[in-house]
Amino acid sequence: MIEKGLETFFEVFLNKQSVFFDKRVLQSSYIPETILHREEQTKQIATILAPALKKDKPSNIFIYGKTGTGKTLTTKYTTQKLMQVSAKENIPLKVLYVNCKLKRSADTEYRLIAQLATELGKSIPPTGLPTEEVYKSFLRALNKQKQNYILILDEIDQLIIKTGDNALYNLTRINENTESQISLIGISNDIVFVDNLDPRVRSSLSEEEIIFPPYNALQIQSILKQRAEIAFNRDVLGQGVVEKCAAYAARDHGDARRALELLRVAGEVADRKNYKKITTEHIDEAEGKIDRDRVIDIITTQPRQYHLVLYSILSLQAGRSNSIFTGEVYEIYKSLCGKTNTSVLTQRRISDIISEFDMLGIVNAKVISKGRYGRTRTISIEIPITVLPIIKKILEESTRV
DNA sequence: CCTCCACCGGAAAGCCGGGTCA
DNA sequence: TGACCCGGCTTTCCGGTGGAGG
């Protein structure tokens with residue numbers, strides 16, 4: 001009986017009308033036919049890279065712009081076109097793309113070089129070898145065929161923050177040891193990190209600099225319309241939906257990625273509720289959902305010690321309205337450890353965990369001075385009230401012995 | 001104006017589990 | 001098997017420090 005019900009459920013699901021025609025178009029990995037509002041930047045990149053077709057070494061490029069301003073997309077798009085020409089004309093040229101933020105893939109010097117070598121067909125074990133050895137292997141792969149390489153390092157700031165500029169330094173001078181020519185394209189949404197770079201690396205990396213300004217609301221609107229045309233079925237977008245999405249995204253620094261995500265989730269919400277059209281209400285709902293999912297996702301993937309810390313903060317907040325200090329959190333945390341039979345970490349460590357929560361936007365922690373009574377952080381919770389019960393449940397479950 | 005609290009936060013080093021290689 | 005490597009997580013050490021209270 002139950003099976004029967006489930007079967008019909010699936011059948012109904014299968015036959016259900018969706019507002020989507022091709023959802024992938026709204027994902028950030030999708031590269032559209034034409035890229036709107038980035039003509040200038042596309043041209044700049046193309047101009048700089050073009051010499052590669054004549055076997056000259058293009059200058060290194062440093063690309064900077066806030067999140068969702070089309071840096072990655074434009075770079076990928078341009079290099080893709082470049083490759084098409086080089087393939088047609090039989091010009092040896094290779095583009096390697098690496099995202100330095102991807103955990104366990106390219107977020108350390110070893111892994112970055114290993115990743116690059118892997119893309120050139122060398123297989124490198126994920127660990128165990130001296131980094132030096134990996135470099136040698138990479139070099140051998142480069143030399144196997146003399147040609148131009150364009151190396152795209154996305155989110156390069158993450159790499160620098162985590163592991164310093166060693167890798168970058170080595171990469172910028174790798175040309176001295178090889179027949180092939182390597183050009184770097186560094187992409188970053190943070191510009192301050194450049195200051196901490198070795199001057200040699202800095203000047204080498206930013207032989208050319210390209211800035212991606214944020215989109216304004218109108219530009220985001222046209223981007224959304226361009227994608228929506230392919231992504232959705234005919235006539236599913238309600239009055240003012242695109243406008244509202246764009247307005248939300250423009251509100252905080254014109255992030256096109258967020259706008260697209262908002263639109264996509266709004267569509268999913270509409271689907272789930274069996275609406276044939278997406279309305280502006282769905283957007284509000286989508287915004288809340290994205291928020292909640294983000295928080296829940298962050299917290300569930302956090303290790304146990306972090307849960308204990310957060311639980312301590314939560315229970316402190318429950319009783320009072322005034323602010324919470326690090327010392328108090330640590331006291332509660334310690335007693336919690338005792339109760340749950342967990343090893344106790346140092347206050348120094350807990351302090352770091354709290355700032356991590358702060359950076360993740362789960363908690364707001366500001367350093368203040370209480371004069372005579374010392375210096376500490378004031379901590380408050382930033383989790384939307386609607387998710388608090390869920391979070392509490394998650395924490396309680398993981399905190400239990 | 002000086003003191004001195006209760007932490008902050010950088011640097012370095014240790015531990016441990018994952019791995020390679022000869 | 002032992003010497004060695006990498007990377008994540010912690011601990012240790014320790015020099016700051018904003019501002020209320022004296």
Side-chain angles (χ1 to χ4, degrees), chain A residues 98-118 122-141 155-171 192-193 195-198 298-310 312-313 316 320 322-338 340-360 362-380 398-399:
Chain A
V98 169
N99 187 329
C100 303
K101 202 174 158 184
L102 284 185
K103 289 241 184 308
R104 323 227 141 234
S105 151
D107 55 346
T108 70
E109 181 173 12
Y110 181 102
R111 301 216 259 244
L112 170 63
I113 306 302
Q115 173 81 33
L116 292 174
T118 309
K122 292 262 175 185
S123 84
I124 307 277
T127 172
L129 263 45
T131 310
E132 189 72 12
E133 209 55 43
V134 184
Y135 267 106
K136 278 185 193 153
S137 193
F138 177 50
L139 271 178
R140 273 200 299 277
E155 318 232 30
I156 199 175
D157 46 327
Q158 298 297 318
L159 182 75
I160 304 305
I161 288 167
K162 253 197 80 183
T163 58
D165 52 13
N166 231 325
L168 222 46
Y169 178 73
N170 290 329
L171 279 178
V192 191
F193 92 99
D195 298 339
N196 311 323
L197 245 43
D198 182 315
I298 290 175
I299 290 175
T300 44
T301 53
Q302 226 67 247
R304 187 140 182 283
Q305 292 285 2
Y306 285 58
H307 285 172
L308 285 165
V309 175
L310 191 58
S312 308
I313 297 172
L316 270 170
R320 315 169 305 166
N322 53 340
S323 16
I324 302 168
F325 307 118
T326 309
E328 300 177 279
V329 175
Y330 190 59
E331 287 310 312
I332 302 283
Y333 160 81
K334 267 198 294 192
S335 73
L336 220 53
C337 283
T340 61
N341 203 10
T342 315
S343 57
V344 184
L345 301 183
T346 10
Q347 178 155 346
R348 177 74 187 79
R349 181 72 187 115
I350 299 307
S351 174
D352 274 348
I353 292 176
I354 293 173
S355 15
E356 274 184 62
F357 276 134
D358 179 41
M359 275 191 300
L360 289 168
I362 300 293
V363 132
N364 194 331
K366 253 212 176 86
V367 188
I368 57 140
S369 175
K370 292 183 291 167
R372 158 108 300 172
Y373 306 103
R375 225 148 104 76
T376 181
R377 285 195 181 89
T378 52
I379 303 161
S380 57
S398 98
T399 313

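Here is the naming used below: chain letters follow the sequence lines, and residue numbers restart at 1 for every chain.
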Residues 126-140 of chain A, side-chain donor-acceptor partners within the protein, below 3.5 Å, at least two apart:
unit_1   : atom_1 : unit_2   : atom_2 : d
A:Tyr135 : OH     : A:Glu109 : OE2    : 2.9
A:Tyr135 : OH     : A:Asn170 : ND2    : 3.2

Kindly give the atom pairs (protein nitrogen or oxygen, nucleotide nitrogen or oxygen) under 3.5 Å for nucleotides 19-21 of chain B.
unit_1 : atom_1 : unit_2   : atom_2 : d
B:dG19 : N2     : A:Gly128 : O      : 3.4

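- Within a heavy-atom distance below 4.0 Å of DNA chain B, no residue of residues 159-170 of chain A is found.
- In this structure, A:Phe325 and A:Ile379 approach most closely via the heavy-atom pair C-CD1, 4.2 Å.
- Annotation: the span from A:Leu345 atom CG to A:Leu308 atom CG amounts to 9.0 Å, rounded to 0.5 Å.
- Between A:Arg375 and A:Val367, the closest heavy-atom pair is NH1-CG1, 4.1 Å.
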Find every protein N or O atom lying less than 3.5 Å from an N or O atom of nucleotides 7-10 of chain B, and list the pairs.
unit_1 : atom_1 : unit_2   : atom_2 : d
B:dC7  : O5'    : A:Gly327 : N      : 3.3
B:dC7  : O4'    : A:Arg375 : O      : 3.2
B:dC8  : OP1    : A:Thr326 : OG1    : 2.7
B:dC8  : OP1    : A:Arg377 : NH1    : 2.9
B:dC8  : OP2    : A:Ser351 : OG     : 3.1
B:dG9  : OP2    : A:Arg377 : NH2    : 2.4
B:dG9  : N7     : A:Arg348 : NE     : 3.1
B:dG10 : N7     : A:Arg348 : NH2    : 2.9
B:dG10 : O6     : A:Arg348 : NE     : 2.8

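- Counting all heavy atoms, side chain and backbone alike, A:Arg349 lies closest to A:Glu356 at NH1-OE2, 4.0 Å.
- Shown here for A:Thr301 and A:Ile298, the closest heavy-atom pair between the two residues is OG1-O, 2.9 Å.
- Scanning for side-chain contact (heavy atoms from CB on, under 4.5 Å) contacts around A:Ser312 gives A:Val329, A:Ile332, A:Tyr333, A:Leu336, with sequence neighbours left out.
- A:Leu360 and A:Gln302 make their closest contact through CD1-NE2, 3.8 Å (heavy atoms, listed as atom of the first residue, atom of the second, distance).
- First and last contacts of DNA chain C with chain A, using any nucleotide atom under 4.0 Å from a protein heavy atom and ordered 5' to 3', fall at C:dC5 to C:dG21.
- Put simply, OG1 on A:Thr108 and CG on A:Asn166 are 11.5 Å apart, with the number rounded to the nearest 0.5 Å.
- Interatomic distance, A:Ser380 OG to A:Ile313 CD1, rounded to the nearest 0.5 Å: 9.5 Å.
- Within 4.0 Å (heavy atoms only), A:Val344 reaches sugar-phosphate atoms of the nucleic acid but no base atom.
- Note that the NZ atom of A:Lys370 and the OG1 atom of A:Thr378 stand 10.0 Å from one another [nearest 0.5 Å].
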